[in-house]
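Report on one structure; see the data block that follows.
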Amino acid sequence: MKRLLSFAVLGLGLAAPAFADLALATSKNCMSCHAVDRKVLGPAFKDVAAKYKGNAGAVDMLAAKIIKGGSGVWGPVPMPANTQVSEADAKKLAAWVLLAR
């Protein structure tokens with residue numbers, strides 16, 4: 001019983017950051033154009049994670065794109081600037097996106 005409780009607590013501890021960042025992504029309207037596992041208007045977050053896997057500068061680069069917007073990387077539809085997102089939140093979102101599976 002104690003072992004089962006330990007696994008449950010560990011599982012909740014690992015899931016909590018994922019839910020917190022999903023909440024942040026939802027609050028910043030990221031989920032209007034993106035989903036974790038499928039293309040919506042923009043690419044799936046898991047596809048972004050795969051594209052930038054192993055890229056040491058990916059968090060900073062994606063954080064800048066979140067704030068400033070971008071175009072041409074994922075097709076003809078540009079990503080609008082999200083100037084309401086702070087640099088700290090943009091980095092948190094970028095790090096979370098890079099962990100998407």
Side-chain angles (χ1 to χ4, degrees):
M1 181 68 175
K2 195 173 192 179
R3 185 179 226 179
L4 180 61
L5 183 58
S6 295
F7 283 125
V9 170
L10 178 61
L12 288 174
L14 294 174
F19 289 128
D21 293 328
L22 178 59
L24 179 61
T26 301
S27 75
K28 300 300 182 186
N29 294 322
C30 303
M31 306 313 284
S32 297
C33 297
H34 299 277
V36 173
D37 60 351
R38 64 183 167 76
K39 179 182 180 351
V40 181
L41 186 57
F45 290 146
K46 70 176 188 171
D47 294 337
V48 175
K51 182 178 184 98
Y52 296 107
K53 183 177 182 175
N55 181 335
V59 169
D60 290 334
M61 184 269 302
L62 291 174
K65 283 187 176 257
I66 289 168
I67 295 170
K68 297 176 185 173
S71 64
V73 176
W74 296 95
V77 179
M79 180 169 147
N82 293 281
T83 55
Q84 80 283 4
V85 178
S86 70
E87 184 176 346
D89 281 348
K91 286 185 178 188
K92 188 174 183 180
L93 287 165
W96 174 70
V97 166
L98 292 170
L99 294 175
R101 292 187 180 115

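Each residue takes its place number in the sequence, starting with 1. In this text the structure is predicted, and so the values were computed from the model without any measurement.
With rounding to the nearest 0.5 Å, the separation of CZ in Phe45 from CG in Leu93 is 7.5 Å. If you take CG on Asp89 and CD on Glu87, they are separated by 10.5 Å, rounding to the nearest 0.5 Å. For the atom pair NZ of Lys51 and CG of Leu62, the computed distance is 10.5 Å after rounding to the nearest 0.5 Å. In this structure, SG in Cys30 is found 7.0 Å from CE in Met79, a value given to the nearest 0.5 Å. Considering NZ of Lys39 and CH2 of Trp74, their distance stands at 10.0 Å, rounded to 0.5 Å. Interatomic distance, Gln84 CD to Ile67 CD1, rounded to the nearest 0.5 Å: 9.5 Å.
Val77 is not connected to Val73 by any chain of hydrophobic side-chain contacts under 4.5 Å among Ile, Leu, Val, Met, Phe, Trp and Tyr, and they are in different clusters. Note on Met61: it clusters hydrophobically with Val48, by side-chain heavy-atom contacts below 4.5 Å among ILVMFWY residues.
Between the Asn82 side chain and the Pro80 main chain, a donor and an acceptor come within less than 3.5 Å of each other.
Here the shortest heavy-atom pairing between Pro78 and Ser71 reads CB-CB, 3.9 Å. Closest approach of Ala90 to Val85, counting heavy atoms only: N-CG1, 3.6 Å. Scanning both residues, Val36 and Ala100, for their nearest heavy atoms gives CG1-CB, 4.3 Å.
Two residues are said to be in side-chain contact when any heavy atoms from C-beta on lie closer than 4.5 Å; Ile66 and Lys91 fail this criterion. When side chains are defined from C-beta on, Val40 does not count as touching Met31, because their heavy atoms never get closer than 4.5 Å. Side chains of His34 and Val97 form no contact here, defined as non-hydrogen atoms less than 4.5 Å apart. Two residues are said to be in side-chain contact when any heavy atoms from C-beta on lie closer than 4.5 Å; Leu22 and Trp96 meet this criterion.
Within a 6.0 Å radius of NZ in Lys28, more than 12 heavy atoms belonging to other residues, nucleotides or ligands are found.
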